[in-house]
Amino acid sequence: MEECISVFDMLKIGVGPSSSHTLGPWRAAERFLEELKDESILEKTTRVKIDLYGSLSLTGKGHATDLAIMLGLSGQDPEYIPVESIAEIIKTIETKNEIILGNELTIPFYFLQDIVFNKDFLPFHANGLKFTAYKADDSEYESTFYSIGGGFVVKEERTNAKIKEEIKCAFPFPIQNAVELLNYTVSENKMISEIVYENEKSMRPEAEIDSELMRIWNTMLECMYIGCHTSGILPGGLNVRRRAFDMHQNLIGLSNYSDPQSWLEEIRKTEVKFRQILKWVSCFALAVNEVNASLGRVVTAPTNGSSGVIPAVLMYYLVIENHNAGEKEIKQFLMVAGEIGSIFKKGSTISAAMGGCQAEIGVSSSMAAAALCELMGGTPAQVLMAAEIAMEHHLGLTCDPIGGLVQIPCIERNTMGAIKAINAAELALETDSKNAKVPLDKVINTMWQTAKDMNSKYKETSEGGLAIAVNMADC
C-alpha cells in the first residue's frame, strides 16, 4: 500500500538521543495507554511489564529506551515535556517503585524487573517491544509495537492502514518515488517545494503549515544555540567532552548577542574563509548532536542520530550563502528535505537497525543536499541529482555505536554528512542533469539491497565494528 507522508512526519520535535530507540518507544508507550483507555482496562490495571527485543534490547540502555518508556507510560509528551524535569521524573519512579499510568493511576513499578531486555529478534522488525497489562482478575492484555525509525511506530497488523489510505487520497500529487515527483514538477511547471506545499495544503491550513515549519526551524536554531553554549562531559560513561562549545568560542570571538536570532546575525559578520566555513558547519552539527546525546530537545531529521545534518546545512545557507534569506527560504528548504526523506522511507528505510547508518546519516545528507540545491537555484532534476550524489557516497555505512550510546562515532558523522550534502549540491549545480548516470530511485533501491545484505552486527546492535574494537574501558 502506498503511504501518505507529511513533511511533519519526517521532521518531528522530540527528545534525544534516538528516534528509533527513544522517541519510538516513547510513542509506543503513549499508544499502549490509549489502547488501555479505549478497552476500559486502564482503571483495572495492577501491573505493567515491557519486553524489549532485538536492537531495542541490545542498545536500549545506551539509547535511554527504558527511560523513554517510563516517561511515555507516565503520560509525558516528548514534544512538550520540559527537558529539565526528565531526571526528577525518572528518579521519582525509581525511588518510589511506582508509576502513575497516564498521570491518572498509580501502580507498583520496579523498572529493573518490569522492563525486560530480550536479545532475540522478533520476525517483523529489528526494533520490537511488547507491553503487557495485568488486571486484578489475573487476566492480561498484550500489545506489540515496532519502532521502524524516525519516531514512526507501527503494529504488524497495521490497523491504521485504512486511515492512511484515506489521507493519501487527499493529496493532489501522490508521490511514491523520485520519478513521480519529477514528473509532477514538469507537468505543473513547479519547483519541488511548491509541489510539497500543495500536498500539505490538502491536510491543514496554510497558516498552520507556515507556523509549524517555523516552529521546527526555531527548535533547530535553539538546539544549535544551546549546544554551542554548553560545555562539559556528555552522560553515559564514555566521558566524551563536548566540542561545539570550544569550537564556537574560537569562531565567534567577542561578539555581542542575547538570543538565537541575534546570534545568527552575529555569525553573518564573521570571517568566511574555507577553513572557517568547514568549522562553522561542523560546529553547528556537533552542537545539535551533543544536545541530542544529553536527552535534549531536537528535531528528528529524519532520525535523532542524524538530527544535526539538516540544521547545519540550512544554517550554512543562512549565515554564509545568503544573508538576505529568511522565512521563505527556511520553509522551502524544510519542505524539500521532508519530501526527499519520505521517498527514502517508502523505497528503503530510515532505521539504522534495518539498514545501518546509511539509513540515517546517508538519508539526512541526501535530504539536506536536495534542499540546499533548490535554494541555490537548482532545477528539480538537479535537486534529485544532489540527493542521489549524497546517498551514493554513504552506501554501506555501518551503525556501530560504542557502548550503545549515540556519541561515538555518531556525533562526528553528522559533520561529515553535512559537508557531503553541501558538496553534493554544488556538484549537482555544476552538472547537466541529462548527463546523470544514476537516478535517485536506483540509488534508493541499491541502498535497500545493501541494507538487506548487511551483517546484523553492523545494524545498531553494538556487536561489530567500532563498538567492539573500542570498549568502555578504553574510554
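These numbers come from a predicted model, not from an experiment.
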Any chance you could measure [X], atom [atom1], to [Y], atom [atom2], to the nearest 0.5 Å?
{"X": "Glu327", "Y": "Trp217", "atom1": "CD", "atom2": "CH2", "answer": "12.0 Å"}
{"X": "Ile340", "Y": "Ser364", "atom1": "CD1", "atom2": "OG", "answer": "13.0 Å"}
{"X": "Leu213", "Y": "Leu11", "atom1": "CG", "atom2": "CG", "answer": "8.0 Å"}
{"X": "Glu412", "Y": "Gln407", "atom1": "CD", "atom2": "CD", "answer": "12.0 Å"}
{"X": "Phe284", "Y": "Leu318", "atom1": "CZ", "atom2": "CG", "answer": "9.5 Å"}
{"X": "Met191", "Y": "Met335", "atom1": "CE", "atom2": "CE", "answer": "8.5 Å"}

- Message: Which residue in the set Glu208, Glu206, Glu194 passes salt bridge (charged side-chain N to carboxylate O under 4.0 Å, His left out) when paired with Lys201?
- Response: Glu206
- How are the rings of Trp263 and Tyr257 set relative to one another: parallel (under 30°), tilted (30 to 60°) or perpendicular (over 60°)?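 Ring orientation of Trp263 relative to Tyr257: tilted.
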Is the closest side-chain donor-acceptor distance between [X] and [Y] under 3.5 Å?
{"X": "Asp453", "Y": "Gln449", "result": "yes"}
{"X": "Gln382", "Y": "Ser433", "result": "no"}
{"X": "Thr450", "Y": "Gln358", "result": "no"}
{"X": "Glu265", "Y": "His323", "result": "no"}
{"X": "Thr303", "Y": "Thr300", "result": "no"}
{"X": "Thr59", "Y": "His21", "result": "yes"}

Is there a side-chain contact between [X] and [Y] (heavy atoms, below 4.5 Å)?
{"X": "Leu238", "Y": "Ile408", "value": "yes"}
{"X": "Glu30", "Y": "Leu71", "value": "no"}
{"X": "Trp280", "Y": "Met247", "value": "no"}
{"X": "Pro174", "Y": "Cys4", "value": "no"}
{"X": "Glu266", "Y": "Asn256", "value": "no"}

Can a salt bridge be assigned to the pair [X] and [Y] using a cut-off of 4.0 Å between side-chain N and carboxylate O?
{"X": "Lys345", "Y": "Asp9", "result": "no"}
{"X": "Asp400", "Y": "Arg413", "result": "yes"}
{"X": "Glu79", "Y": "Arg215", "result": "yes"}
{"X": "Lys437", "Y": "Glu392", "result": "no"}
{"X": "Arg204", "Y": "Glu200", "result": "yes"}

Among [options], whose side-chain contact (heavy atoms from CB on, under 4.5 Å) with [X] holds?
{"X": "Cys399", "options": "Cys357, Ser462, Ser351, Ser55", "answer": "Cys357"}
{"X": "Tyr184", "options": "Ile195, Asn199, Val179", "answer": "Ile195"}
{"X": "Val15", "options": "Leu23, Leu67, Val291, Ile81", "answer": "Ile81"}

- Message: Quick one, Tyr316 with Asn322, criterion side chain to side chain donor-acceptor pair (under 3.5 Å). Give me CA distance, side-chain angles, the key distance, then yes/no.
- Response: CA-CA 9 Å; Tyr316 157 80; Asn322 185 359; over 6 Å; no
- Task: May I ask you to check whether over 12 heavy atoms, not counting those of Asp432, lie within 6.0 Å of atom CG?
- Result: yes
- Query: Counting only heavy atoms not in Glu84, do more than 12 fall under 6.0 Å of its CD?
  - Reply: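 Atom CD in Glu84 is packed in, count exceeds 12.
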Show the nearest heavy-atom pair for residues [X] and [Y], with the distance to one decimal.
{"X": "Asn292", "Y": "Ser18", "value": "OD1-N, 4.3 Å"}
{"X": "Met367", "Y": "Pro302", "value": "SD-CD, 3.6 Å"}
{"X": "Ser20", "Y": "Gly149", "value": "CB-CA, 3.9 Å"}
{"X": "Gly347", "Y": "Trp448", "value": "O-CB, 4.0 Å"}
{"X": "Val299", "Y": "Ser307", "value": "O-CB, 3.2 Å"}
{"X": "Ala368", "Y": "Ile310", "value": "CB-CG1, 4.1 Å"}

- Message: Using the rule given for salt bridge (Lys or Arg N to Asp or Glu O under 4.0 Å), can you reason through Arg27 versus Asp77, listing the C-alpha separation, both sets of side-chain angles and the distance that settles it, and then say yes or no?
- Response: CA-CA 8 Å; Arg27 290 301 190 195; Asp77 189 309; 3.7 Å; yes
- Message: Could you check whether Lys12 makes a cation-pi contact with Phe152, meaning its NZ or CZ is under 6.0 Å from the centre of the six-membered ring and within 45° of the ring axis?
- Response: yes
- So, does Ser342 use its side chain to make a donor-acceptor pair with the main chain of Glu339 at under 3.5 Å? yes
- Donor-acceptor under 3.5 Å (Ser74 side chain, Met70 main chain): yes
- Query: Step by step, would you call Glu290 with Thr230 a side chain to side chain donor-acceptor pair (under 3.5 Å)?
  - Reply: CA-CA 9 Å; Glu290 287 173 355; Thr230 306; over 6 Å; no
